[in-house]
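The structure appears below as structure tokens.
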There are 2 protein chains.
Amino acid sequence: MKKNAVLYKIGEKVFECPVGLATNVINGKWKLQILNLLSQGACMRYGDLKRGIEDVSEKMLIQHLRELEGDGLIMRRAYGEVPPKVEYSLTEIGKGIIPVIDELRKWGLGFKVTREAML
Amino acid sequence: MKKNAVLYKIGEKVFECPVGLATNVINGKWKLQILNLLSQGACMRYGDLKRGIEDVSEKMLIQHLRELEGDGLIMRRAYGEVPPKVEYSLTEIGKGIIPVIDELRKWGLGFKVTREAML
DNA sequence: CAGGATCCATATTGATACTG
DNA sequence: CAGTATCAATATGGATCCTG
């Protein structure tokens, strides 16, 4: 590491580049999709997230949720009820990611195809 | 897949959500960093990319470059010279990713720390 | 210089079954 | 409902040697 480098730190992780930090915390196959769903409303339950993200396994979903929580992007709130009820929502830091997702969506919309074109 | 769903297609990969498509093509530990470097100028040589991304192995670098090329985000131009010279650059599609990186950088800048705070 | 090929190790992801 | 536990598969990483 260079002597007078400016640094970027989240939790215990340190980076020399802001893009490096950002790519690290959103790195994970489903993280942006989780953040995308959470950005669409106030909060979502675990089961809603599971159903909202096709093909994600429970293991990876919970693992990514834990990591996002550890990095301070999302919040977990458990209600002491039976049956259990757990809600996830974006923190203020996490809300800062929304413009990133908006740009991703804009870019992705450019690849729209009609169903007929698929046949 | 739902009957009348709108679809998003890149190459042979089909998605139901534009964010899903976008996250898929930038998924890969070093891809955003590659795109970030390429967004800073006209083009870069293989060796420049290798030096510009700390800790990436040649194997993963070339693998990610191939995938980005396959998805149409970057272009590879080889000059028939000895010693070899290969330049990578963003395609028009790839340039659409720049706003995403800009937002990532803005967000990452919020985590700046002084060197003294690290001691 | 810009890779390709191979081997080996570790990390990440996935599928299934099970629990409070 | 919201997870855990376990095992299996895939992705990624590193080292070494090789080529046009």
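Being a predicted model, the structure only gives us computed values, none of them experimental. Below, chain A is the first sequence line, B the second, and so on; all start at residue 1.
Side-chain contact between B:K13 and B:D71 is present, with heavy atoms from C-beta onward closer than 4.5 Å.
As rounded to whole Å, 12 Å separates atom P of D:dG3 from atom CD of A:E87. As a whole-Å value, the separation of B:M60 CE from D:dG13 C1' is 8 Å. Computed from coordinates, the A:K59 NZ to D:dT10 P distance equals 14 Å when rounded to whole Å. Here D:dA2 presents its C1' atom at 18 Å from NE2 of A:H64, a figure rounded to the nearest Å.
Counting any heavy atom pair closer than 4.0 Å across all strands shown, B:P84 reaches a base atom. Residue contacts for B:E58: at a heavy-atom cut-off of 4.0 Å it reaches a base atom on one of the strands shown. Nucleic acid contact for B:Y88: sugar-phosphate only, since backbone atoms but no base atoms lie under 4.0 Å from a heavy atom of the residue.
Under a 4.0 Å N-O distance rule, the pair A:R45/A:D48 does not qualify as a salt bridge. Under the 4.0 Å criterion applied to side-chain N and carboxylate O atoms, B:E87 and B:R76 are not assigned as salt-bridge partners.
Counted by atom type alone, B:N27 and A:K29 present zero donor-acceptor pairs between their side chains at under 3.5 Å. A donor-acceptor contact closer than 3.5 angstrom is absent between the side chains of A:E69 and A:Y88.
Between A:R66 and D:dT4, a side-chain N or O to OP1/OP2 separation shorter than 4.0 Å is present.
Taking a heavy-atom distance under 4.0 Å as the criterion, the stretch of DNA chain C touched by chain A extends 5' to 3' from C:dT13 to C:dG20.
Shown for residues 21-46 of chain A: residues whose heavy atoms fall under 4.0 angstrom of DNA chain D, namely A:R45, A:Y46.
The residue among A:P83 and A:V56 whose nearest nucleotide of DNA chain C is located toward the 5' end is A:V56.
Between the side chain of A:T91 and the main chain of A:M75, no donor-acceptor pair closer than 3.5 Å is present.
Remark: A:K112 is not positioned above the aromatic ring of B:Y8, lacking an NZ or CZ atom under 6.0 angstrom from the ring centre and at most 45 degrees off the axis. For the pair B:K9 and A:F111, the NZ or CZ position fails the cation-pi test of under 6.0 Å to the six-membered ring centre and within 45 degrees of the ring normal.
The distance from the CG atom of A:L104 to the CD1 atom of A:I26 is 7.0 Å, given to the nearest 0.5 Å.
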